[in-house]
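One structure below.
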Amino acid sequence: MNILFQLVDWVVSIGFSSFASVSAAAVRNLVDTIDKGISAARGIVKKPRARAGTKASENPPATGSSGSLAGSYLSVVLSVMHELYDLYVLPFENDEFILNDGFRYSLFDDFIEAAEAGRKKGRAQEQTDDINEEAVFAYTDAALQFIYDYADDLIALKERADALPPPTASRVSPGERIALVAELLAFEVLADSSDLLTDNAPNFAKIAQKCGIDPTSIYKPQFKTLISDAASARKSKRARREAFAQELFEVARLKRVKVQPPPARARNAGLLVGLPFTGKISGTASPWPIETIGASRHNSRSIEAAITDLWTSIAIIIFAWEPDRTGEVLSLEADCLEEGVDGWYLKSKVFKGRNHVSGSETRHPCPAVVVRAIQVATRLGAQARLNSGSNELFLRDNRLRESVSDQSSLRNRMADFAKRYVREDVAKGIKFIPRHFRRFFPTLWVNYYSYGGRFRALQRLLGHDELTTTILYCRRASRLDAVRESQTRMTSRLIGESVFNGIPLFGGAIKKVQSIIARLDFRISSPADLPQKLEKELRTSGIRVYPLNFGYCLWHSKARRTANCATKIEPGSAEAWPSNGKTETMCGGCANFFTTPIFEAFWSMARERHKQMEEDGRAPWIIRRLGRKGRRIAEQFLRKIRG
């Protein structure tokens, strides 16, 4: 429909009254220039903008097809044009036509030829750039802090602010004063007798008193003109008086519309809510202190700005741990969670083929972190859903009305979130979009969890029609050298930050880290050379780091000897990372495992989860025993992290 409306604008702009009246020459000219867009055929040249999620080109080519649209889009455009011809010219049945208007000419014999011509005219679809592991972890870490550490305080502040009396105007605007005078004069003009508009002269003092205007201000031109005209109209015939009264009512309406002041809260509103407010300050994404209720361009330390970041964090968590598309996530409903005997499930609608009818509902496993994010969203948007009668999960109360953010607004908020919480040298100028997390999801699955042979299962989960699309998403899997390079850089960063910035590391692998540091010769190096020396040492020793949900696995040639997850019957060389499932109880006491303060939220959850298992009297003794063991492991790491 969007393309059709653009074609309608094009037909009108070139002087034709219908599609059928467009000449063959005009159609050919449009097809020849279609690679620049339909608007270009109308003489409108739009400045090309950088595609979200890609790096901006520093030296774009001055000539060539750099401004061409994507072939997939042009294929649809030319297909629509051919359909406008096909449905108008060819009868459907009984010599009836589906359309009463359409093109009389087409440059293509069939639909397929038109689609193929569009692909040839356009350029290849630009792929979303990859983002490195460090950027994803920093990004999701900030979102986790909002979900686990700040959500309760922020929701409490919002509820107290919402409970305040409705905002009122802090003063009467000049437009309101003119409206009051105009309305009073209108009634006086229509009245049978008036002590304000007497036969001798208008009583300015009484008019000022009735309208709450200073007696000296009533003689200003904007008031004096209305009063004088009203006094003259009152001496006219009844029809003239009624017409003039209607003019005064219209003046009052327009003045209120033009200069209606924005609502303002009481001066002590922040004090009533409890501002300024300082909550947990240990995190890197802290919104504290919160000083105001409403956001403004002068002050971003507000409840409104923090709530916006909380909504953004909810979306980030769902995108990072669920493979749903953007539209599918934004269409979630408040009752999308369903608890089964084996855990939580997420119910979402299908917007693209997944062996289901589009718009149908599917159920798939939902990790605990996503359950937490959805529960926060349910609390956060409860009042908005109540006011609108809607059941949409992402419905929020805005300044004008309740609404769900569109995809463009969500991308902008995610990009703004990244600017504030991800270092520029890590993000490398890429604007974060939801697709980054969808691409990163299979990267983790294939590379870090050694599921490389299960592309078919991954294809079904991501809902791709073609297996090649899934492999494109996981293209690092076929570039093992790139995987090793990435893991080496990540290892260097983790150990380097611990050495040079004092970031603590905890776990059984610390001895190995200390031995690596001890081998580095700091005496003959400047500080700038230390990262390079560390990376060289890691390459030489063949050490890799594998990220887990709750920490990192430090792997090397002798790691299998002490690994809790290694088994004798498992195939693979001594250097190969075991493909067995990793759990916090298995890895917590392993000599190859270490964690950082970034995983404090996870270990807090692990402690509570295992504590519930331990205290559940209905559970078998082996479950309670394992729960006690898991709780002790979690508490051990929490004591170390919290110092």
Side-chain angles (χ1 to χ4, degrees), residues 1-3 5-6 37 46 48-56 69-70 72-73 76 125-131 135-136 139-140 142-143 146 305 307-334 336 346-354 358-362 370 373-374 376-377 380-381 384-385 388 390-422 427 430-441 462-464 469 473:
M1 291 304 298
N2 182 284
I3 293 171
F5 286 136
Q6 292 186 58
K46 295 182 179 180
R49 61 186 180 91
R51 182 176 179 269
T54 60
K55 298 177 182 178
L69 298 175
S72 56
Y73 172 75
V76 177
Q125 176 67 47
E126 189 175 3
Q127 292 294 328
T128 303
D129 286 334
D130 274 345
I131 49 179
V136 174
Y139 201 55
T140 51
F146 270 91
I307 290 296
T308 297
D309 279 344
L310 182 56
W311 276 113
T312 305
S313 299
I314 292 169
I316 291 171
I317 295 301
I318 298 176
F319 284 126
W321 273 272
E322 285 287 341
D324 286 347
R325 294 177 172 85
T326 307
E328 295 168 352
V329 170
L330 291 178
S331 68
L332 290 175
E333 296 185 343
C336 60
L346 180 67
K347 298 181 294 184
S348 63
K349 294 182 179 179
V350 177
F351 286 170
K352 197 172 182 180
R354 194 189 291 167
S358 180
S360 62
E361 188 176 87
T362 61
V370 176
I374 292 176
V376 171
L380 195 56
R385 290 191 297 274
S388 64
S390 172
N391 195 35
E392 295 174 290
L393 178 68
F394 279 90
L395 190 72
R396 57 174 297 185
D397 48 344
N398 296 311
R399 298 187 181 185
L400 298 179
R401 62 181 178 85
E402 296 82 10
S403 64
V404 176
S405 298
D406 57 26
Q407 297 193 28
S408 177
S409 298
L410 178 61
R411 285 195 297 267
N412 290 335
R413 287 172 183 165
M414 291 181 67
D416 178 67
F417 193 87
K419 287 180 181 178
R420 286 181 283 122
Y421 299 124
V422 181
I430 295 180
K431 180 179 179 180
F432 281 70
I433 59 174
R435 180 173 288 267
H436 281 132
F437 297 100
R438 186 170 169 81
R439 297 176 69 85
F440 195 75
F441 185 88
L462 291 173
H464 290 151
T469 307
Y473 269 63

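As a basis for the values below, the full set of heavy atoms in this structure was taken, side chains included, without hydrogen atoms, waters or symmetry mates. Heads up: numbering here begins at 1 and tracks the sequence. Keep in mind that this is a model prediction, so the values were computed, not measured.
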*Is the closest side-chain heavy-atom distance between Thr312 and Phe146 below 4.5 Å?*
no

*Which residues pass the side chain to side chain contact (heavy atoms under 4.5 Å, CB included) test with Asp416, sequence neighbours left out?*
Arg420

*Identify the two heavy atoms, one from Val329 and one from Phe319, that lie closest to each other, and give their separation to 0.1 Å.*
CG2-CE2, 3.5 Å

*Can you name the closest pair of heavy atoms from Ala334 and Arg385 and give their distance?*
CB-NE, 3.7 Å

*Going from CZ on Arg396 to CD on Glu402, what distance comes out if it is rounded to the nearest 0.5 angstrom?*
11.5 Å

*Looking at CZ of Arg325 and OG of Ser331, how far apart are the two atoms once the value is rounded to the nearest 0.5 Å?*
12.0 Å

_Considering all heavy atoms, the nearest Ala143-Ile316 contact_ = CB-CG2, 3.8 Å

*Rounded to the nearest 0.5 Å, how far does CD1 of Ile317 lie from OG of Ser313?*
7.0 Å

_Below 30° counts as parallel, above 60° as perpendicular, anything between as tilted: where do the rings of Tyr139 and Phe417 land?_
perpendicular

_If I take atom CD1 from residue Ile318 and atom CG from residue Leu393, how far apart are they, to the nearest 0.5 angstrom?_
6.0 Å

*For the residue pair Ala384 and Asp397, what are the closest heavy atoms and their distance?*
CB-N, 3.8 Å

*How many angstroms lie between OH in Tyr421 and OG1 in Thr140, if you round to the nearest 0.5 Å?*
14.0 Å

*Looking only at heavy atoms, which two atoms of Leu395 and Ser388 are closest? And how far apart?*
CD2-OG, 3.0 Å

_Could you measure the distance from the CG atom of Leu332 to the CD atom of Glu322? Nearest 0.5 Å is fine._
9.0 Å

*What are the two closest heavy atoms between Ala315 and Leu410, and how far apart are they?*
CB-CD1, 3.9 Å

*Distance only, no hydrogens: is a donor on one side chain within 3.5 Å (strictly under) of an acceptor on the other, for Ser409 and Asp406?*
yes

